[in-house]
Amino acid sequence: MFTGRKKHLDVLLSSLTQAQSGSGQVALVTGCLASGKSALLQQFSETADSSGAIVFNATGSRTERDLPMGVVWQLLHSTPIPSKVIRRFSRFSRAETAGRSEGESPSGGLRRGEVLALNSLFSSLLTLARSRPAVIIVDDLHFADNASLQALLFLRHRLRSSRVLVVLSSWDRPGYVGPAVQMELMRQAHHRIRLGRLSTEEITELVLGAGHRDPSSAADLAAGLGVLSGGNPLLVRALLDDSPLGVDEESGQAGRPVAGEAFQRAVLDCLHRWDPALMEVARGLAVLDDHAAPELIARLLPMQPDTVPQLLAVLEKAGLLHQGRLGSPEIAAVVRGTLSGEETTRLYSRAAELLYEHGAMAGDVARRLLRADTVPGPWALRALRQAAEQTLAENDVDSAVRGLELGLRECGQGPEALKFRAALVRVAWRVNPSAAARHISPLYDALNLGQLSARDAAPLIRHLLWQGDRATATRLLWSITSSPEAGRTAGLAELRIAHEWIYGAPCEPPAAESPAPSGRSAARRPAAGPQSRGSATLSTLWRQGMSEALLNGVEHILQGRLGDTIPEAGAMALLVLHHSGHRKRAEYWHGVLSAEAARLDAPTWQAVLASVGADMAMRRGDLARASALAREALSRLHAQSWGAAIGFPLSTLVLAETAMGRYEEASKLLDLVVPEAVFDTVAGLQYLYARGHYNLAVDRVLAAAGDFERCGALMREWDVDFPALVPWRSSLAQANLRLGRSRETAELIAQQLDLLGPSEYARTRGLSLRVLAAASPLKERCALLQEAALLLEQSEDRLELARTLNDISQVYQTLGDLGRARLVARRATQEAKACNTDVVTPLQALRVPKQVIRSQSEPPTHQTDGLVALSEAERKVATLAAYGHTNREIGRKLYITVSTVEQHLTRVYRKLNVRQRTDLPSELTRYASDIRP
């Protein structure tokens with residue numbers, strides 16, 4: 001027994017000592033629900049008995065409170081009393097009971113026969129107490145029958161000079177008023193002991209007593225037990241029974257109490273032992289939870305309003321209630337577990353209705369409707385739709401989906417069903433766009449019949465855009481944009497941005513339709529808010545560059561709440577910033593949006609942002625990051641969810657793998673089957689561009705040229721021929737270089753530069769000038785490359801800068817300035833390593849036909865003839881040496897020793913009739929593409 005309870009036991013033992021001296025005593029033990037009254041009385045009974053006292057025990061019972069003298073009979077049978085006394089008491093007791101009218105309760109005091117019987121009984125008791133003290137213990141006095149209470153009061157009046165101790169226990173219930181005789185009996189107690197909830201120190205004693213050895217961890221466990229149990233002794237002991245040392249068997253973690261079967265039984269015991277209404281109130285608390293006001297509980301159950309506060313006070317004193325709520329989630333779970341299926345439906349649906357009437361948040365109403373698994377009326381459908389929007393904003397997607405599916409199941413097939421389907425599609429786009437497919441057909445049919453609002457049509461149009469059905473999506477988008485409802489429909493501006501992100505051009509009215517008269521059309525167009533203006537000007541970027549109005553519109557989109565903006569709008573805004581030279585701003589906003597998408601656990605947002613991030617990383621030459629983000633984008637969403645938009649991350653990944661020389665991996669990616677609709681989108685243009693560069697890298701020059709030409713044809717056909725979007729001309733020009741078509745190369749680059757304008761898009765201009773240099777005479781090449789390098793450095797594209805520097809190095813070699821060539825080559829190598837690649841072969845070394853090289857710079861004849869005599873190994877060593885690599889670097893690249901490199905170079909010098917590596921002929925650089933890392 002811990003210290004607190006031992007003090008109470010000592011009080012009772014002190015009372016017994018006083019009784020032994022001839023001063024009869026009455027001790028009263030009170031306490032809250034399951035506070036340990038019975039345990040204390042049991043302990044005292046055993047102690048008194050072992051000390052030689054005569055102990056009489058009885059317990060009041062709810063089921064026997066109408067049985068006259070029920071408690072007294074328990075006392076008589078607990079310890080031997082002379083049989084003649086019992087017979088006499090029995091005779092008078094039966095006679096008096098029979099003399100009462102049927103149904104009359106013995107509340108009017110004792111009759112003469114009962115007094116005579118009790119006088120004889122207690123006289124015998126007092127006589128016994130002369131030889132050794134007598135202890136009469138009555139537990140749960142509040143359940144004792146009235147006749148027994150009268151008898152105990154009769155005894156109390158005769159205790160003054162006796163050796164008798166009477167110990168009574170009763171509940172400490174706020175507002176409780178028992179029978180007058182009970183209250184009089186309790187009032188005349190000599191000693192009062194009030195039991196309450198256990199303190200943390202007392203619980204720690206119990207933990208140490210249960211076998212815990214470490215006082216520090218015992219205190220931690222005691223604190224956890226106190227929170228879980230509310231300090232209720234019965235619950236604390238139950239928790240210790242479930243896990244004596246506080247070790248979770250599943251996790252193996254110590255110091256954490258585990259609520260198991262013993263705890264569940266103890267909670268139910270607490271709620272059942274006093275008043276059946278306690279369980280009902282506990283159920284109301286569990287169902288209403290944060291909204292459990294007394295008046296709502298009373299209406300829910302139903303119950304008399306003035307009764308509920310009293311019962312709540314009982315639960316609070318017992319530790320089962322804290323600040324008006326059930327003390328812990330574990331207690332609430334036990335209470336909810338007592339509800340049958342029918343009770344769950346009845347209570348939770350009624351609770352939802354009450355909360356709806358009191359203006360509670362839609363989410364609180366919907367959570368109870370979900371537990372009830374029913375929709376009691378039209379008001380519930382409205383609540384479920386509102387709750388879906390609310391819970392989605394709170395990042396509870398699962399609840400939003402379950403609520404909408406419940407509403408769809410219960411609302412039939414009318415207009416309400418269409419609203420729920422549209423809402424489900426909107427939610428699906430956040431986590432798994434392909435999950436929306438089963439709702440699309442009914443929405444499409446309803447739209448054709450004019451049964452769908454513009455707001456509910458928006459997710460359908462978005463689905464069609466991603467799946468590549470541009471014609472239908474455009475028709476529907478134009479239709480709802482010019483409808484009277486459009487001005488009141490949020491998100492139409494973003495839908496137009498989504499159209500532009502996927503197809504590269506703004507949504508225009510279908511060719512078969514003629515625009516409405518200007519006055520009427522203007523009246524129907526959406527209000528020109530900041531977001532709408534941003535959308536309207538995005539398409540001007542490719543043609544006219546970044547304007548102040550466009551920048552403001554883009555920033556407005558990015559500053560909005562993530563849950564209120566569709567990913568396509570965010571993607572387009574980021575790409576506009578990045579492509580137009582505002583790279584730092586783009587990277588800042590990308591980081592902000594990515595962090596928010598991760599916090600909200602929004603897979604579609606995360607996938608789109610990863611795809612955009614991959615594109616941005618690719619354009620600055622960060623190949624490893626581009627590859628990682630593209631793979632993340634593909635893993636976030638299934639291919640079916642990506643639809644035609646899968647070309648965005650896939651094309652970036654192919655470009656990155658190709659640039660790093662991972663041709664086998666790039667080939668596997670290109671073997672993946674993509675929807676045919678991909679090639680009707682900007683993603684398809686980028687896919688053709690990426691595939692073309694892969695074909696170029698593996699010497700499939702004609703296939704590469706075909707991809708670039710098809711890309712260009714589509715861009716011209718769609719009127720989106722913007723080099724900043726996909727610079728297909730400079731790529732086709734590279735293929736033409738391979739094929740020896742210098743004139744065609746120059747023409748393509750000239751066209752691309754004209755389209756770019758004089759100042760915009762430094763990166764694309766740099767790409768163009770680099771390729772133009774390769775097709776230009778030697779005396780013009782260096783200036784073009786240096787200008788390209790400045791532009792690429794300005795745009796922070798380290799990969800293209802490395803390639804351009806390699807080209808400059810080759811020009812210097814050709815001109816015989818090997819010192820400067822080596823210096824530039826080293827810078828190119830550093831840039832390439834920063835990009836995680838060393839595949840930066842200069843354009844002039846891409847197996848250009850021999851006559852093209854000789855027409856620009858004819859090498860000495862004796863050196864050219866000597867090249868033929870070189871073995872393959874000697875040629876590789878000589879080529880790397882011509883690029884300025886040291887012997888050690890050549891050895892690492894070719895996996896040979898430094899000594900072997902020196903031997904090869906000695907033979908190369910002899911065959912080429914040169915004395916040192918700076919004299920090696922520049923024609924060696926034609927073999928650069930034969931050297932694979």
Side-chain angles (χ1 to χ4, degrees), residues 433-434 461-474 477 496-508 538-539 541-542 567-568 571-572 575 579 607-608 610-612 614-616 618-619 626 630 633-634 637-658 666-696 700 703-732 735 764:
S434 62
I461 295 171
R462 192 176 176 202
H463 177 82
L464 294 171
L465 288 173
W466 277 58
Q467 296 305 312
D469 191 348
R470 182 180 187 180
T472 305
T474 300
L477 180 53
R496 292 194 294 273
I497 296 176
H499 183 285
E500 192 166 344
W501 178 60
I502 296 175
Y503 296 105
C507 177
E508 299 293 346
L538 281 177
S539 61
L541 171 71
W542 312 120
E568 301 92 309
M572 190 68 176
L575 292 175
H579 295 2
V608 171
S611 178
V612 171
D615 181 85
M616 291 164 56
M618 188 68 210
R619 289 173 181 262
L634 292 170
L637 290 181
H638 190 273
Q640 188 177 358
S641 292
W642 272 108
I646 196 173
F648 287 120
L650 188 57
S651 59
T652 305
L653 185 54
V654 170
L655 276 174
E657 297 296 323
T658 299
S667 177
K668 291 179 181 178
L669 292 168
L670 290 169
D671 286 339
L672 298 174
V673 178
V674 296
E676 188 62 30
V678 166
F679 299 101
D680 293 328
T681 67
V682 170
L685 301 176
Q686 295 181 351
Y687 183 86
L688 290 171
Y689 179 79
R691 190 173 69 183
H693 276 282
Y694 164 77
N695 285 329
L696 202 60
R700 298 173 185 165
D707 284 331
F708 297 137
E709 287 172 349
R710 182 183 175 190
C711 178
L714 290 173
M715 293 182 74
R716 289 193 299 269
E717 177 185 345
W718 301 343
D719 194 25
V720 293
D721 191 9
F722 315 130
L725 183 60
V726 180
W728 64 272
R729 287 180 176 83
S730 54
S731 299
L732 180 57
T764 310

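No hydrogens, no waters, no symmetry mates; every other heavy atom, side chains included, goes into these values.
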Discussion item. Does any part of the side chain of Ile497, heavy atoms only, come nearer than 4.5 Å to the side chain of Glu500, both counted from C-beta?
Written reply: no
Worksheet item: In Å, rounded to the nearest 0.5 Å, how long is the span from CZ of Arg729 to OG1 of Thr764?
Response: 12.0 Å
Item to complete: State which residues pass salt bridge (charged side-chain N to carboxylate O under 4.0 Å, His left out) with Arg710; sequence neighbours excluded, sorted by chain then number.
Response: none
Practice prompt. Considering non-hydrogen atoms only, spot the tightest contact between Leu653 and Ala630 and give its length.
Written response: CB-CB, 3.7 Å
Worksheet item: Taking it one step at a time, do Val608 and Phe648 satisfy side chain to side chain contact (heavy atoms under 4.5 Å, CB included)?
Response: CA-CA 9 Å; Val608 171; Phe648 287 120; over 6 Å; no
Item to complete: Please name all residues satisfying side-chain contact (heavy atoms from CB on, under 4.5 Å) with His499, sequence neighbours left out, ordered by chain then number.
Response: Leu465, Arg470, Thr474, Leu477, Tyr503, Cys507
Discussion item. Does any part of the side chain of Ser651, heavy atoms only, come nearer than 4.5 Å to the side chain of Leu655, both counted from C-beta?
Written reply: no
Item to complete: Search all heavy atoms of Trp642 against all heavy atoms of Ser611 and return the closest pair with its distance.
Response: CH2-CB, 4.1 Å
Worksheet entry | Residue pair Leu685 / Trp718, side-chain heavy-atom distance below 4.5 Å | yes
Worksheet item: What heavy-atom pair brings Gly504 and Phe722 nearest, and what distance separates the two atoms?
Response: O-CE1, 4.1 Å
Worksheet item: Can you list the residues that meet the salt bridge (charged side-chain N to carboxylate O under 4.0 Å, His left out) rule with Glu657, with sequence neighbours excluded?
Response: Arg631, Arg662
Worksheet item: By side-chain contact (heavy atoms from CB on, under 4.5 Å), which residues pair with Thr472, not counting sequence neighbours?
Response: Tyr444, Leu464, Asp469, Arg475, Leu476
Worksheet item: Where do Ala607 and Ala633 come nearest, in terms of heavy atoms and distance?
Response: O-CB, 3.4 Å
Worksheet, complete the sentence: With sequence neighbours left out, the residues meeting side chain to side chain donor-acceptor pair (under 3.5 Å) with Arg691 are Asp707
Item to complete: For the residue pair Leu688 and Val726, establish whether any side-chain heavy-atom pair is separated by less than 4.5 Å.
Response: no
Worksheet item: Side chains of Leu634 and Ile646: closer than 4.5 Å at any heavy-atom pair?
Response: yes
Worksheet item: Going from OG on Ser434 to NE2 on His463, what distance comes out if it is rounded to the nearest 0.5 angstrom?
Response: 9.0 Å
Discussion item. For a side chain to side chain contact (heavy atoms under 4.5 Å, CB included) check, start with the C-alpha distance between Trp728 and Asp721, then their side-chain angles and the critical distance, and finish with the verdict.
Written reply: CA-CA 9 Å; Trp728 64 272; Asp721 191 9; 3.1 Å; yes
Worksheet item: Hey, does Tyr689 have a side-chain heavy atom less than 4.5 Å from the side chain of Pro727?
Response: yes
Considering only distance and modelled atom types, tabulate donor-acceptor pairs under 3.5 Å from the side chains of residues 673-682, sequence neighbours left out.
unit_1 : atom_1 : unit_2 : atom_2 : d
Thr681 : OG1    : Val678 : O      : 2.6
Thr681 : OG1    : Ala683 : N      : 3.3
Thr681 : OG1    : Gly684 : N      : 3.1

Worksheet entry | Reported CG-to-CG distance for the pair Asn695 and Leu670, which is rounded to 0.5 angstrom | 7.5 Å
Worksheet entry | Taking every non-hydrogen atom, the tightest pair across Val612 and Ala571 | CG2-CB, 3.4 Å
Worksheet item: Aromatic rings His693 and Phe708: how do their planes relate, parallel, tilted or perpendicular, breaks at 30° and 60°?
Response: perpendicular
Practice prompt. Supply the atom-to-atom distance Tyr687 OH to Leu650 CG, rounded to the nearest 0.5 angstrom.
Written response: 5.5 Å
Worksheet, complete the sentence: Distance col, row Arg496:CZ vs Glu568:CD, nearest 0.5 angstrom, shows 14.0 Å
